[in-house]
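Notes for the one structure printed next.
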Amino acid sequence: MPDIRPFCMPKWGIEMTEGTLADWKVAEGDAFTRGQLLCLIETAKITNEVEAEYDAVLARVLVPAGSEAQVVGTLLAVTAQAGTNAEEIDAFIAAFRPANAPVNPGATAQDNPAPATTSTPAPRPIQTNRAISPEALKLAEASGLDIEPIEGSGRNGRITLQDVQQALNAPANPVLSGALAVAAEDGKAFASPLARRIAAQHGIDLSGVIGTGPRGRISKADVLALVQQPAPAPSAAFVAVPNPPAIIPFDRMRKVVAQRLTQAKHEIPHFYLRSSARLDELLALRKTANLVLGAKASINDYLVRAAALALAQHPEVNVQVHGQTIHRFAHADIAIAVASPNGLVTPIVRLANRQTIAQIAQATSGLIDKAKAGRLSLGDMEGGTFSISNLGMFGVEEFAAIINPPQAAILAVGAAARAPYEKPDGSVGFETRLALTLSVDHRAIDGAAAAQFFSTLKGLIEAPEALFA
């Protein structure tokens, strides 16, 4: 019995229902070893690297890279030992059912009534010497399809099930059928995701486009060739031209962010505390400490440390809200907002109250690098007891952030700016002040508790020697 195994869409976390196969790192037909990187799978917020758990060959790829999202349990590929023949792999694929498939093998006909069927003609046997998979042959016989014009896309010209499905959807025009410029089974044009997006932005109908990609797939170049360049406007006078919008649908991450923030704003009774902290002593201390310690700690690293120590002193703010219960934590796990290619993500600095400034700087640097590379894992972002969102580096003077549930508070950090102040002798001096806004969930944290925490945080920023205690 050949050792053939399914490779299905995995499930990471309770909320995951689907994922997208972003890239195959092993080509179909290639051997791989245990621990080798097989593929990249994108979920709502992260891109996971999937490593092989055993030695085998990637015998058949069923879901190519860049395809639409697949539900958890979908068969993505089949692995086997070297030398396994194609017929055995085809039979395995035909018999495979996902673990969550609604089937009850022991049920009777009354338990699982057969679906209503319509009268269909008997399959027409096809006699051929061409290489064709069993499932492809079965579908061709059932539909009465002539397989001779079909160019097989499988190994050594073998006709696959996808080849037959595309041929069945081909237009009646025999010139077009050879190019397989067809609509897929779901009614959409057989095009790459990028080609679809470009076509949607420019209002191009793909139903009649002949693809030049593999098996007639419509590519980016095919769509760009149809994009009309706007004619230059006359120089003599201004001419009004239409200004149609580019329709960009939400991607998976944007959908999750929109859902979570809308829910947070509707369900969480926010209240806000605003203040500013004197920053001059922290700036001077940071310059000296970075030279002495050889670290490259940012102002945000010091803010993470200050917030962590303040949360340790005020555990009533270091909480999560779950339904009608409050989860209070002994240590501070602080989420930092980071812009990534996939959108805004919030990786977490664990046990920040027990880490030194240098350790926090190292941890945040690693998380930011992983976020920019799209390699954050679920463990990097799951949980968190408090968040910090810093837009000061973009020149934003002040803003109020939306709480990231189930956390109960978030600190918004604005830009540092020089401001005048009155000296004890009555003269005027200038100092650097940092704008801070604390958003608080009033269901779990009272105003007095939030104000006491805010006061401690401000004191740690203005007297930063305590951050090294």
Side-chain angles (χ1 to χ4, degrees), residues 257 261 264-265 268 270-287 290 296-311 314 317-318 332 334-340 343-349 352 357 360-361 364-365 367-368 371-372 384-405 407-422 428-442 445 447 450-464 466-467:
V257 171
L261 294 186
K265 198 63 176 175
I268 298 177
H270 288 61
F271 73 91
Y272 307 95
L273 303 180
R274 293 178 173 85
S275 185
S276 63
R278 187 175 63 255
L279 199 61
D280 297 275
E281 292 186 27
L282 178 55
L283 292 173
L285 182 64
R286 169 180 173 263
K287 184 177 181 180
N290 282 356
K296 294 183 179 179
S298 66
I299 291 297
N300 208 64
D301 295 329
Y302 282 85
L303 295 178
V304 170
R305 172 69 172 165
L309 293 181
L311 289 169
H314 301 275
V317 180
N318 193 39
I334 297 185
I336 54 174
V338 179
S340 76
L344 184 68
V345 292
T346 53
I348 298 168
V349 180
I357 293 292
I360 290 174
T364 56
S365 177
L367 291 171
I368 291 171
K372 291 181 178 179
T385 62
F386 187 83
S387 291
I388 295 179
S389 180
N390 190 341
L391 296 180
M393 68 283 292
F394 299 109
V396 176
E397 295 181 358
E398 181 183 340
F399 70 104
I402 299 175
I403 296 172
N404 181 24
Q407 299 168 22
I410 182 172
L411 178 68
V413 182
R418 298 290 289 174
Y421 75 101
E422 184 180 0
V428 177
F430 285 85
E431 62 185 4
T432 304
R433 301 201 68 85
L434 184 68
L436 303 172
T437 302
L438 183 68
S439 303
V440 187
D441 184 347
H442 215 329
I445 304 173
Q452 290 169 1
F453 162 78
F454 207 22
S455 177
T456 300
L457 174 63
K458 180 178 176 180
L460 289 168
I461 295 172
E462 294 184 341
L467 300 179

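Values in this document were obtained by computation on a predicted structure and should not be read as measured data.
Nearest heavy-atom pair, Ala450 versus Leu438, reported as atom, atom and distance to 0.1 Å: O-CD2, 4.0 Å. What you find for Ile388 and Leu303 is that their closest heavy atoms are CD1-O, 3.8 Å. The heavy-atom pair separating Phe430 from Arg418 by the smallest distance is O-NH2, 3.2 Å. Listed here is the closest heavy atom pair of Ala401 and Ile410: CB-CD1, 3.7 Å. Residues Gln407 and Ser387 share a closest heavy-atom pair of OE1-OG, 2.5 Å. Contact between Ala339 and Leu344 at its shortest, heavy atoms only, is N-CD1, 4.3 Å.
Within 6.0 Å of atom CD in Glu431, more than 12 heavy atoms from other residues, nucleotides or ligands are found, so the atom counts as buried in its surroundings. Heavy atoms of other residues, nucleotides or ligands lying less than 6.0 angstrom from OH of Tyr421 number more than 12.
Residues forming a side chain to side chain contact (heavy atoms under 4.5 Å, CB included) with Ala297 (at least two apart in sequence, or on another chain): Asn290, Asp301, Tyr302, Ile357, Ala361. For Ile348, the side chain to side chain contact (heavy atoms under 4.5 Å, CB included) criterion is met by Asp333, Ala335, Arg350, not counting sequence neighbours.
Going from atom NZ of Lys296 over to atom OG1 of Thr364 covers 13.0 Å, rounded to the nearest 0.5 Å. Residue Ile268 holds its CD1 atom at 5.0 Å from CD1 of Ile403, rounded to the nearest 0.5 Å. Taken from CG in Leu436 to CG in Asn390, the straight-line distance is 9.5 Å, to the nearest 0.5 Å. Atom CD1 in Ile445 sits 9.0 Å away from atom CG in Asn318 (nearest 0.5 Å).
The distance between the ring centers of Phe394 and Phe399 does not fall below 6.0 angstrom.
Screening Thr437, Val440, Val317, Leu411 for a side chain to side chain contact (heavy atoms under 4.5 Å, CB included) with Phe454, the sole residue that qualifies is Leu411.
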Could you go through Leu309 and Leu467, starting from their C-alpha distance and side-chain angles, then the distance that decides it, and tell me whether this counts as side-chain contact (heavy atoms from CB on, under 4.5 Å)? CA-CA 8 Å; Leu309 293 181; Leu467 300 179; 4.0 Å; yes
Evaluate the side-chain contact (heavy atoms from CB on, under 4.5 Å) criterion for residues Leu282 and Leu434: first the C-alpha distance (whole Å), next the side-chain angles of each, then the deciding distance (0.1 Å), finally the verdict. CA-CA 11 Å; Leu282 178 55; Leu434 184 68; over 6 Å; no
Go through the steps to decide whether Ile368 and Lys372 satisfy the test side-chain contact (heavy atoms from CB on, under 4.5 Å), and finish with yes or no. CA-CA 6 Å; Ile368 291 171; Lys372 291 181 178 179; 3.7 Å; yes
Give the intermediate values and the outcome of side-chain contact (heavy atoms from CB on, under 4.5 Å) for residues Thr432 and Leu283. CA-CA 9 Å; Thr432 304; Leu283 292 173; 4.2 Å; yes
What side-chain donor-acceptor pairs closer than 3.5 Å can you find for residues 455-463, not counting sequence neighbours?
from, atom 1, to, atom 2, distance (Å)
Thr456, OG1, His314, NE2, 2.7
Thr456, OG1, Gln452, O, 3.1
Lys458, NZ, Ser275, OG, 3.4
Lys458, NZ, Ser276, O, 3.3
Glu462, OE2, Arg278, N, 2.9

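Taking 4.5 Å as the limit, some side-chain heavy atom of Val304 sits within range of a side-chain heavy atom of Ile336.
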